[in-house]
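Predicted model, so just to flag it, every value in this text is computed and none were measured. Letters A, B, ... mirror the listed sequences (proteins, then strands); counts begin at 1.
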Number of protein chains: 2
Amino acid sequence: MQKDTPEQRAAHEERVRLASGCMPTEDEVATMAARFKAISEPSRLKILFALACGELCVEHITQAVGGNQSAVSHQLKILKDNKIIRARRNGKQVMYSISDGHVMTMLSVAKEHLGCNE
Amino acid sequence: MQKDTPEQRAAHEERVRLASGCMPTEDEVATMAARFKAISEPSRLKILFALACGELCVEHITQAVGGNQSAVSHQLKILKDNKIIRARRNGKQVMYSISDGHVMTMLSVAKEHLGCNE
DNA sequence: TTATCATATGAATAACAATTCATAAGATAT
DNA sequence: ATATCTTATGAATTGTTATTCATATGATAA
């Protein structure tokens, strides 16, 4: 079998170099991965779709998605730590909401992508 | 402490009902969660950023992201099974590429979201 | 055919994450 | 102050997932 010519080898190296150049830093990749992971569990994704309709307190979130209060609270913490949602206290309750438009975009793009089966 | 009035209680139920109405089906949530999970590992996210610059074969991907061939191959399978990337054979090589625009959107939105620290 | 290159896969281990239970903490009312 | 309502947290268990190694498969060339 033919070995690559020096030109081909250079082209390969160039492609790898280009791809490496597209790469965010290790820290950036780690942060993005953690945020995707935060929204990659069915129970947490359900919480987000519930919050997409508007701010809710923990009890209402729990009712909307099912499950128990403790589990929901743990999940809310993960979402909050990853800047996916935000919290504000209102008396005895804590109200949660989607943190910004990027998250809403993710949700709608994910839903659209469901149609793509190829 | 005051109990909720019937009106307040009805308002609460309405909010929960509304939130539940925003909810995709169980199957849809499961699929979306699985796809987010596919892109939520640093090594796989790196692969995607490499492919964002254009089609690459396995060896080049491996060089671009580091790690060994077997690990990369396992990760490519997960991405492919979740419709995040596609594969085409070209002689002895298999060329991988981002499957569609939704994925590219996800990557750029994720990168933008890095700037949001609140 | 055999040899070689490129990629994929199965099985085992090791790291990680989700859920549950029990309980703590924070806020308000009495 | 105490009681109650709401949410958060720590620890333990259970279930998942990533990575590695060894090897299989698939394609081309000699």
Side-chain angles (χ1 to χ4, degrees), chain A residues 1-5 8-9 12 15-16 29-30 33-47 51 55-82 84-97, chain B residues 1-5 8-9 12 15-16 29-30 33-47 51 55-82 84-97:
Chain A
M1 191 184 215
Q2 293 296 78
K3 288 261 178 191
D4 284 353
T5 64
Q8 288 174 318
R9 191 139 18 86
H12 292 175
R15 237 181 283 173
V16 173
V29 169
R35 289 179 181 181
F36 278 122
K37 182 160 294 173
I39 66 180
S40 74
E41 212 52 29
S43 37
R44 292 197 290 267
L45 203 47
K46 281 188 201 167
I47 290 175
L51 293 179
E55 192 182 48
L56 288 172
C57 71
V58 177
E59 193 191 348
H60 290 166
I61 294 169
T62 305
Q63 288 175 245
V65 308
N68 69 61
Q69 182 270 322
S70 177
V72 170
S73 223
H74 277 292
Q75 288 153 356
L76 288 169
K77 179 167 167 48
I78 291 170
L79 290 169
K80 186 156 75 78
D81 288 349
N82 284 285
I84 309 294
I85 62 178
R86 60 178 54 174
R88 74 177 178 88
R89 189 170 267 284
N90 181 31
K92 289 194 292 191
Q93 301 183 331
V94 176
M95 308 296 295
Y96 282 92
S97 57
Chain B
M1 188 181 220
Q2 292 296 79
K3 287 257 177 194
D4 283 354
T5 64
Q8 287 174 321
R9 192 141 15 87
H12 292 174
R15 236 182 285 173
V16 172
V29 170
R35 289 179 181 180
F36 278 123
K37 184 162 292 173
I39 65 180
S40 74
E41 211 52 29
S43 37
R44 292 197 290 267
L45 202 48
K46 281 188 202 170
I47 290 175
L51 293 178
E55 191 181 50
L56 288 173
C57 70
V58 177
E59 192 191 346
H60 290 166
I61 294 169
T62 305
Q63 288 175 246
V65 308
N68 71 59
Q69 181 269 321
S70 177
V72 169
S73 224
H74 278 291
Q75 289 152 358
L76 288 168
K77 179 168 167 45
I78 292 170
L79 290 169
K80 185 156 76 78
D81 288 349
N82 283 284
I84 310 292
I85 61 177
R86 60 178 51 173
R88 75 178 176 87
R89 189 169 266 283
N90 180 32
K92 289 193 293 190
Q93 301 183 331
V94 176
M95 308 297 294
Y96 283 92
S97 56

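- Between the base of C/dT7 and the side chain of B/Ser70 there is no donor-acceptor pair shorter than 3.5 Å.
- Dashed line: the shortest gap from a side-chain N or O of B/Lys92 to OP1 or OP2 of C/dT7 is not under 4.0 Å.
- The separation between A/His74 atom NE2 and D/dA8 atom P is 11 Å, rounded to whole Å.
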>> Between B/Met95 and B/Gln93, does the side-chain contact (heavy atoms from CB on, under 4.5 Å) criterion hold? Intermediate values first, please.
In response: CA-CA 6 Å; B/Met95 308 297 294; B/Gln93 301 183 331; 4.0 Å; yes

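- Nucleic acid contact for A/Gln75: sugar-phosphate only, since backbone atoms but no base atoms lie under 4.0 Å from a heavy atom of the residue.
- The distance between atom CZ of A/Arg44 and atom P of C/dT19, rounded to the nearest whole Å, is 8 Å.
- Atoms NZ (B/Lys77) and P (D/dT17) sit 14 Å apart, rounded to a whole Å.
- Distance alone, capped at 3.5 Å, is enough to place a donor-acceptor pair between the A/Asn68 side chain and the A/Ser70 backbone.
- Distances shorter than 4.0 Å separate none of the side-chain N or O atoms of A/Arg89 from OP1 or OP2 on D/dT6.
- The base of C/dT9 lies outside donor-acceptor range of the side chain of B/Ser73, with no N or O pair under 3.5 Å.
- Of the possible polar contacts, none joining the A/Arg44 side chain to the A/Lys46 backbone as a donor-acceptor pair under 3.5 Å is found.
- Formation of a donor-acceptor pair under 3.5 Å by the B/Arg89 side chain with backbone atoms of B/Gly91 is found in this model.
- A/Glu41 comes within 4.0 angstrom of the backbone, heavy atoms only, and of no base.
- Using a 4.0 Å heavy-atom cutoff across all strands shown, A/Ile61 reaches no nucleic acid atom at all.
- Atom C1' of nucleotide D/dT16 and atom CD1 of B/Ile78 are separated by 11 Å, given to the nearest angstrom.
- In terms of polar N and O atoms assigned as donor or acceptor, the side chain of B/Gln69 never comes within less than 3.5 Å of the base of C/dA6 in a complementary pairing.
- The CD1-C1' distance, from A/Ile85 to D/dT7, rounds to 13 Å in whole Å.
- Using a 4.0 Å cut-off, some side-chain N or O of B/Ser43 falls inside it from OP1 or OP2 of D/dT19.
- Straight-line distance from the NZ atom of B/Lys37 to the P atom of D/dG15: 15 Å, rounded to whole Å.
- Checking the phosphate oxygens (OP1, OP2) of D/dA8, a side-chain nitrogen or oxygen of A/Tyr96 falls inside 4.0 Å.
- The side chain of B/Asn68 contributes an N or O atom lying less than 4.0 Å from OP1 or OP2 of D/dT20.
- Of the two residues contacting DNA chain C, namely A/Ala71 and A/Gly91, the nearest-nucleotide position lying further toward the 5' end is that of A/Ala71.
- Taking atom CG on A/Leu76 and atom C1' on C/dA18, their separation rounds to 14 Å, with Å as the unit.
- If you take CZ of B/Phe36 and C1' of D/dT16, they are 20 Å apart, rounded to a whole angstrom.
- Counting heavy atoms from C-beta on, the side chains of B/Ser73 and B/Lys77 never come closer than 4.5 Å.
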